[in-house]
There are 2 protein chains.
Amino acid sequence: MKQVTVYDIAEEAQVSVATVSRVLNGSAPVSAATREKIEAIMRKRQFQPNALARSLTKKETGIIGVILPDITNPFFPEVFSGIELEGQEEGYTFFLCNTKGSYEKESEFLNIMREKRVDGILFIGGRINLKRCDPAMVREVVEHAERIPLVLVNGDLKDAGLTRVATDEYAGTILAVSHLIEQGHTRIGFIGGESHMSTTSVKLRAFRSAMKRADLPVTEKWVLPGSFSVDAGREHMKRLLEMPERPTAVCCINDFTAIGAIKTAVEQGLRVPDDLSIVGFDDILLAHHVIPELTTVSQQAGELGRTAVRVLRQLMNKDKVKKLTSLEPRLIVRQSTSPPPRQGDRRP
Amino acid sequence: MKQVTVYDIAEEAQVSVATVSRVLNGSAPVSAATREKIEAIMRKRQFQPNALARSLTKKETGIIGVILPDITNPFFPEVFSGIELEGQEEGYTFFLCNTKGSYEKESEFLNIMREKRVDGILFIGGRINLKRCDPAMVREVVEHAERIPLVLVNGDLKDAGLTRVATDEYAGTILAVSHLIEQGHTRIGFIGGESHMSTTSVKLRAFRSAMKRADLPVTEKWVLPGSFSVDAGREHMKRLLEMPERPTAVCCINDFTAIGAIKTAVEQGLRVPDDLSIVGFDDILLAHHVIPELTTVSQQAGELGRTAVRVLRQLMNKDKVKKLTSLEPRLIVRQSTSPPPRQGDRRP
DNA sequence: ATGAAAGCGCTAACAT
DNA sequence: ATGTTAGCGCTTTCAT
């Protein structure tokens with residue numbers, strides 16, 4: 001079944017294609033009579049303008065490309081939802097690229113996006129979260145950014161000078177640790193996070209700073225970086241519990257590790273938060289479904305997505321844009337934190 | 001900065017655009033010498049063929065459109081991941097449309113997909129899960145399906161005769177209920193699910209059938225449909241616990257309600273599974289992060305996505321296609337189910 | 001093996 | 001207000 005084109009419509013309406021195009025775009029005045037006639041025919045013939053042809057001449061596609069590492073990690077759908085919400089109002093459509101953590105896929109997708117002539121790119125996760133990213137990989141992104149508006153979401157690329165939108169993880173960690181301290185904890189551990197990721201060092205730095213500010217010592221053997229998963233959280237907690245001296249509270253790199261930590265603690269007979277307080281980071285959906293509900297720091301993932309689109313739009317309009325737009329995280333106090341047990345109450 | 005085109009390449013290589021196109025597509029023999037020359041120039045100039053122009057002439061875009069109700073619901077990212085995995089190998093790219101449960105958005109996206117000339121459509125959730133879908137909405141989908149290969153994933157449209165891929169929810173529920181029965185339960189409840197969704201009636205039908213097959217009575221007041229959320233699960237469980245006579249096991253419409261049910265049960269001082277067994281459906285990630293880990297029925301979301309793409313490909317190739325490809329669900333036994341308490345052990 | 005030229009379906013000057 | 005026409009960047013006959 002042949003697709004109907006502007007020519008078909010023009011012919012049937014006895015006008016030129018230009019007029020058809022005009023009513024399609026409202027780009028120039030058309031007499032009410034012919035307009036209605038054309039519109040009627042379009043409806044009747046179920047005319048669907050070919051977006052490809054249209055984009056080809058207009059040199060814009062209305063597509064925003066989104067690169068993210070793992071749509072299966074609940075944080076990202078949340079961000080993506082925000083992106084969609086903000087972009088949809090202006091008629092944007094999205095090309096979602098899931099890199100599954102592969103830097104090659106990032107490169108590949110970057111190229112595909114260029115071939116597809118997306119109007120802008122949102123780059124989330126992956127190489128932009130590395131503490132030290134290979135200069136070639138940095139350059140690649142910069143080169144793309146020179147041709148297509150691009151914003152880095154929750155990450156950075158050394159010396160690239162790219163436009164960024166990010167939650168202030170440092171401030172967020174301060175919030176979490178301060179909360180623990182206010183509850184009366186003095187013996188606080190920190191677990192999770194791969195050492196080569198910048199989020200790990202940022203949060204660790206904030207952790208140390210918050211402790212120092214309260215004149216509390218950091219017990220190094222309670223600082224256990226490693227990974228971001230639930231299983232990592234379990235492992236870390238297991239190691240912590242094997243120590244003769246244990247913290248009364250643990251600050252976790254993210255909600256996953258926090259949940260793992262809780263599971264292990266509970267399995268070993270500890271009560272959370274009575275015996276051990278645990279705080280996470282991100283506020284993924286899971287955080288309030290888990291028992292006990294997790295005290296955590298909200299990154300406001302949806303808002304992050306919306307903001308990213310707003311900033312990208314500015315970039316696309318060649319407006320003035322701040323190099324860094326930062327979002328303030330919020331502490332969400334739920335059930336996994338409480339004052340520490342009194343000395344006498346401590347379990348063996 | 002002007003994009004480089006086949007003409008630029010042709011000019012620099014002193015050949016015609018046709019030859020350039022040939023090396024780009026490998027569509028016809030080109031002498032090794034000129035091929036290499038052209039390839040070198042392409043690399044040097046960072047040539048990126050314009051996918052729009054290409055698709056315009058080739059009449060294919062390599063894009064698969066995916067309509068789903070809520071990317072924030074962990075089941076769908078899992079499906080989408082499978083879709084990507086299967087499609088990427090063949091160079092497909094995806095246009096993800098999140099309808100947020102709005103039927104109008106479904107219509108809107110269906111039209112956008114047509115304008116974008118996607119090569120195929122995967123329709124997941126929304127109106128195709130309705131027990132009785134408005135005929136006009138059915139017709140709309142059918143009309144699109146007549147022009148673009150389209151497969152219905154985990155749903156159906158009455159009398160539409162469309163190609164479908166779905167997990168066998170009936171069989172899955174039988175699995176869950178039988179597991180409970182095998183554990184020795186005789187007093188089993190069923191909670192969750194909106195009554196106007198087909199999944200609810202299918203699962204309820206399976207529930208009744210499994211009970212009957214085991215000569216067990218269904219206690220109607222323990223059958224509480226309602227909704228699909230964690231909160232719904234909490235509500236339902238609360239009502240169940242207020243009854244003088246209670247079931248020893250509950251079959252839940254999905255993992256969310258199951259998790260809600262567990263939370264409420266635990267809050268009320270019951271032990272899961274010792275006092276009350278609970279089984280879910282879907283096997284979302286949450287299911288093994290929750291405490292106790294949830295016994296549930298896996299829909300194999302990833303596999304569902306992969307299969308959907310495979311079937312869609314057949315449709316696109318105009319191969320013979322089965323009207324219904326069905327996936328066998330699997331019972332995943334974890335910690336939330338056990339034999340019922342002996343009478344004497346029952347808590348008040 | 002390579003080139004010339006006609007489209008693909010639409011928009012945007014430029015005319016009238 | 002409407003029509004004519006030249007692209008947009010590529011692929012694909014049809015020649016040679």
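Below, all heavy atoms of this structure are taken into account, side chains as well, without hydrogens, waters or symmetry copies. Every chain is numbered from 1 and lettered A, B, ... according to where its sequence line falls, protein lines coming before strand lines.
- Between the P atom of C:dG3 and the CD atom of B:E11 lies a distance of 13 Å, rounded to the nearest Å.
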From CA spacing to verdict: salt bridge (Lys or Arg N to Asp or Glu O under 4.0 Å), A:K37, A:E12: CA-CA 10 Å; A:K37 184 157 137 203; A:E12 187 165 341; over 6 Å; no
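- Residue A:S21 places at least one side-chain N or O closer than 4.0 Å to OP1 or OP2 of C:dT11.
- Among the heavy atoms of the strands lying under 4.0 Å from A:Q14 are primed sugar atoms or P, OP1, OP2 only; no base atom is included.
- Rounded to whole Å, the distance from CD on B:E60 to C1' on D:dT11 is 12 Å.
- More than 12 heavy atoms of other shown residues, nucleotides or ligands fall within 6.0 angstrom of atom CD in B:E115.
- At a threshold of 4.0 angstrom between heavy atoms, the contacts of B:V15 are confined to the sugar-phosphate backbone, with no base atom among them.
- Nearer the 5' end of DNA chain D, as judged by each residue's closest nucleotide, is the contact made by A:A28, out of A:A28 and A:Y7.
- Below the 3.5 angstrom threshold, one finds a donor paired with an acceptor across the side chain of A:R22 and the base of D:dG3.
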B:R127 and B:T99: CA distance, side-chain angles, deciding distance, side chain to side chain donor-acceptor pair (under 3.5 Å) verdict: CA-CA 11 Å; B:R127 70 179 71 171; B:T99 65; over 6 Å; no
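- Counting any heavy atom pair closer than 4.0 Å across all strands shown, B:S55 reaches no nucleic acid atom.
- The backbone N or O of B:E108 sits nowhere less than 3.5 Å from a side-chain atom of B:N111 that would complete a donor-acceptor pair.
- Atom CG of A:N50 is separated from atom P of C:dG9 by 7 Å (rounded to the nearest Å).
- One atom, NZ of A:K58, and another, P of C:dG9, lie 18 Å apart when rounded to the nearest Å.
- A:S27 comes within 4.0 angstrom of no nucleic acid atom, judged by non-hydrogen atoms across all strands.
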